[in-house]
Amino acid sequence: MEDETYAKELDVAVKAVHMACSLCRRVQHGLISRTSDEIKSKEDDSPVTVADWGVQATVSWLLSEVFGSQSVSIVAEEDVQALSKSDSAALLVAVVDAVNECLDEAPNFGLQRPDKHLTTQEVLEAIKRCNSTGGPEGRHWVLDPVDGTLGFVRGNQYAVALALIEDGEVIIGVLGCPNYPMKREWLNYHHQYYQSTSPATDDSWEKGCVLYARRGSGKAWLQPLLHGDVNFESQYEARLIRVSSVDDPALATFCEPVEKANSNQSYAAGLAHSVGLRKQPLRVYSMVKYAAIARGDAEVFMKFARCGYKEKIWDHAAGVVIVQEAGGVVTDAGGKPLDFSRGIYLEGLDRGIIVCCGSTLHERIVGAVYASWDSSNL
C-alpha cells in the first residue's frame, strides 16, 4: 500500500475525532458539575446523551461535506427516535446548540465550518444519514459517537471511535480517549476519585489523547488531545506507539469490561488464572481497553459475551486496526480474525474476543480456551 493511500481519509477522520472529543468534554463537564436532564435511555436501558447525538451529527456533517453526502455511507449507533419525541424538545435544542458550537471551531482543526449554523432539521438529517448497515462491498464509515456512555455520564473513561471499512476490511481506525491519563497508574482510578486527590487542571489527566492507524502501514500514532482554542496545524504532535514486549503471563496486565451485564467475568477470571495471569484485572469502560493495549499500558484484553449478546462492529473496528498496526494480535477466541463484512454485528464470532500484545500470550490464551471451554458455564 502506498504511503499516500487513504491519506485524506485519515487526516479528516483524525481531525473529526479531535472535534468530537472537544464536544464530549464540554458535555461531560456539564453532566458531572450539575444535575442534568440531558440523558435518555435506549430500549436496552443503556444511557444516551447530548454528546452521543451531537458527535454523530457533527461527524456525519463533516464527512458528508468533505466526501459528498451521496457517496458517504455511515454505520453508527444512534438514531433519532428518542430525540424526535415531543418530550425531548429541550434535549433536541441542546443537541443542536452543541453541534453548532463544535462546528464553529472547525477552522481551528483544519476543517471547513458551515456558512451558517445548522438548523434543527439539518442536525436531525445528519444523524439520520448514519443509517447504513455496512456489508462485504463498498466503503463504509463506522462510528461509535460515545463508546462507554455509562462511563461518560459517571465522569469516567469513554471513547469516540471512527473507522473506515472497505470491502469488509478495516482500513483506518481513529480512537479519541478524552479522559485517558498520560500516566498509566491513574488509568484504573475513577474520575471523581482522581479529582478528589489531584488538581483538576493537571495535564496528566485532563489532556487525553487520540490514537490512529492505517491498515498495512505497520505504524500506530498517538496525539495529545487538542482543544478548540488551539490551532491544529501549529500544535500537531504525534508519536509512534508500540504494544508492550511483555510475554510472561505473571507480568502481564489484562483488561476487561467494567460492566458485568454483557460479559462473563467469572470465566475470564478462571481463564486468566489458568494461563498464569496473576495481576488484578484492569476494568475499564469502552474501547479505551484497545488503547491501553496499543500504548503498551496493558498486555491482554479478553471479552466473553454472555449468551444471546451479539458484538457490534462499531465497538471494535477502530480499536482492532490500531492494536494490529501497533504490533498486537486480535482474533476471536478460536484464533480467527474478526469479520467486519457481515453487517452491523460481528457474525460468526467464536466464543469471544482476545486482544494481546504479541503472539506468545495470544497462543497461550487461545489454547486455554480450547482446554477449558467445555467445563465452563458460559
Side-chain angles (χ1 to χ4, degrees), residues 41-48 77 144 146-154 156-159 161 175 177 187-188 190 249 252-275 277-294 297-320 323 328-340 344-357 361-362 364-366 368-378:
S41 292
K42 306 179 193 178
E43 291 181 2
D44 62 358
D45 290 330
S46 59
V48 58
E77 184 169 12
D144 194 337
V146 179
D147 183 47
T149 306
L150 195 55
F152 177 81
V153 300
R154 291 176 175 175
N156 208 304
Q157 296 295 329
Y158 67 99
L175 204 53
C177 306
L187 180 59
N188 206 21
H190 191 282
T253 297
F254 80 96
C255 300
E256 64 180 3
V258 175
E259 293 301 308
K260 299 179 180 180
N262 296 322
S263 63
N264 192 324
Q265 292 182 352
S266 61
Y267 177 76
L271 191 67
H273 181 78
S274 71
V275 299
L277 295 169
R278 295 292 179 256
K279 292 186 177 182
Q280 285 293 108
L282 182 64
R283 289 182 176 162
V284 185
Y285 291 100
S286 81
M287 257 188 280
V288 167
K289 294 179 282 292
Y290 281 101
I293 304 295
D297 292 341
E299 285 73 38
V300 178
F301 163 37
M302 298 184 288
K303 183 179 181 184
F304 298 91
R306 292 190 178 276
C307 183
Y309 181 79
K310 298 176 72 173
E311 298 286 351
K312 302 175 184 70
I313 61 173
W314 51 69
D315 289 325
H316 300 280
V320 167
V323 167
V329 182
V330 185
T331 70
D332 66 17
K336 296 181 299 185
L338 306 188
D339 186 353
F340 291 93
I344 67 171
Y345 296 106
L346 288 174
E347 302 286 0
L349 192 69
D350 187 351
R351 292 169 281 197
I353 295 172
I354 298 173
V355 184
C356 292
C357 61
L361 285 172
H362 180 264
R364 290 189 67 161
I365 294 171
V366 171
V369 170
Y370 276 106
S372 67
W373 189 260
D374 289 340
S375 62
S376 77
N377 294 316
L378 191 66

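Not measured: the values here are computed from a predicted model. We're numbering straight along the sequence, starting at 1.
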Original post:
Passes side chain to side chain contact (heavy atoms under 4.5 Å, CB included), Leu338 versus Val320? Steps please.
Top reply: CA-CA 9 Å; Leu338 306 188; Val320 167; 3.8 Å; yes

Original post:
Can you list the steps and then say if Ile354 with Val330 is a side chain to side chain contact (heavy atoms under 4.5 Å, CB included)?
Top reply: CA-CA 6 Å; Ile354 298 173; Val330 185; over 6 Å; no

**OP:** Might you work through the side chain to side chain contact (heavy atoms under 4.5 Å, CB included) test for Arg283 and Gln265, ending with a clear yes or no?
**Re:** CA-CA 10 Å; Arg283 289 182 176 162; Gln265 292 182 352; 3.3 Å; yes

**OP:** Check the pair Lys303 / Glu311 against salt bridge (charged side-chain N to carboxylate O under 4.0 Å, His left out), numbers first and verdict last.
**Re:** CA-CA 10 Å; Lys303 183 179 181 184; Glu311 298 286 351; 3.1 Å; yes

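The side-chain heavy atoms of Val355 and Val300, taken from C-beta on, include no pair separated by under 4.5 Å. Side-chain contact between Arg351 and Asp332: absent, with no pair of heavy atoms (C-beta onward) separated by less than 4.5 Å. Within the 4.5 Å cutoff, no side-chain heavy atoms of Asp147 are placed close to those of Val288.
Between Tyr370 and Gly334, the shortest heavy-atom distance links the atoms OH-O, 3.3 Å. Shown here for Ala159 and Ser286, the closest heavy-atom pair between the two residues is N-OG, 3.7 Å. Across Asp315 and Asp144, no two heavy atoms sit closer than the pair OD1-OD2, 2.9 Å. For Ala272 against Arg278, the heavy-atom pair with the smallest separation is O-NH1, 4.4 Å. Taking each heavy atom of Leu277 and Ala252 in turn, the nearest pair found is CD2-CB, 3.6 Å. Across every non-hydrogen atom of Met302 and Leu271, the tightest pair is SD-CD2, 3.7 Å.
Using a cutoff of 4.0 Å between basic side-chain nitrogens and carboxylate oxygens, Glu347 and Lys310 are scored as salt-bridged.
Every residue was checked against the salt bridge (charged side-chain N to carboxylate O under 4.0 Å, His left out) condition with Lys336, not counting sequence neighbours, and none meets it. Looking at residues two or more places apart in sequence or on another chain, you find a ring pair (Phe, Tyr, Trp, His ring centres under 6.0 Å) between Tyr158 and Phe152. The side-chain hydrogen bond (donor to acceptor under 3.5 Å, both in side chains) search around Gln280 returns none, not counting sequence neighbours. Residues passing the ring pair (Phe, Tyr, Trp, His ring centres under 6.0 Å) test with Phe301, sequence neighbours excluded: Tyr290. Ser274 meets the side-chain hydrogen bond (donor to acceptor under 3.5 Å, both in side chains) test with no other residue; sequence neighbours excluded. Residues forming a side-chain hydrogen bond (donor to acceptor under 3.5 Å, both in side chains) with Asp350 (at least two apart in sequence, or on another chain): none.
Taken from CZ in Phe254 to CG in Leu282, the straight-line distance is 9.5 Å, to the nearest 0.5 Å. Taken from CG in Leu175 to CE in Met287, the straight-line distance is 6.0 Å, to the nearest 0.5 Å. Between the CH2 atom in Trp314 and the CZ atom in Phe340 there is a gap of 12.5 Å [rounded to 0.5 Å]. Of the inter-residue distances, the one linking Ile353 atom CD1 with Lys289 atom NZ reads 10.5 Å to the nearest 0.5 angstrom.
Side-chain polar atoms of Tyr285 and Thr149 form no donor-acceptor pair below 3.5 angstrom.
Of the residues His362, Arg364, Glu299, the one that meets the side chain to side chain contact (heavy atoms under 4.5 Å, CB included) test with Cys356 is His362.
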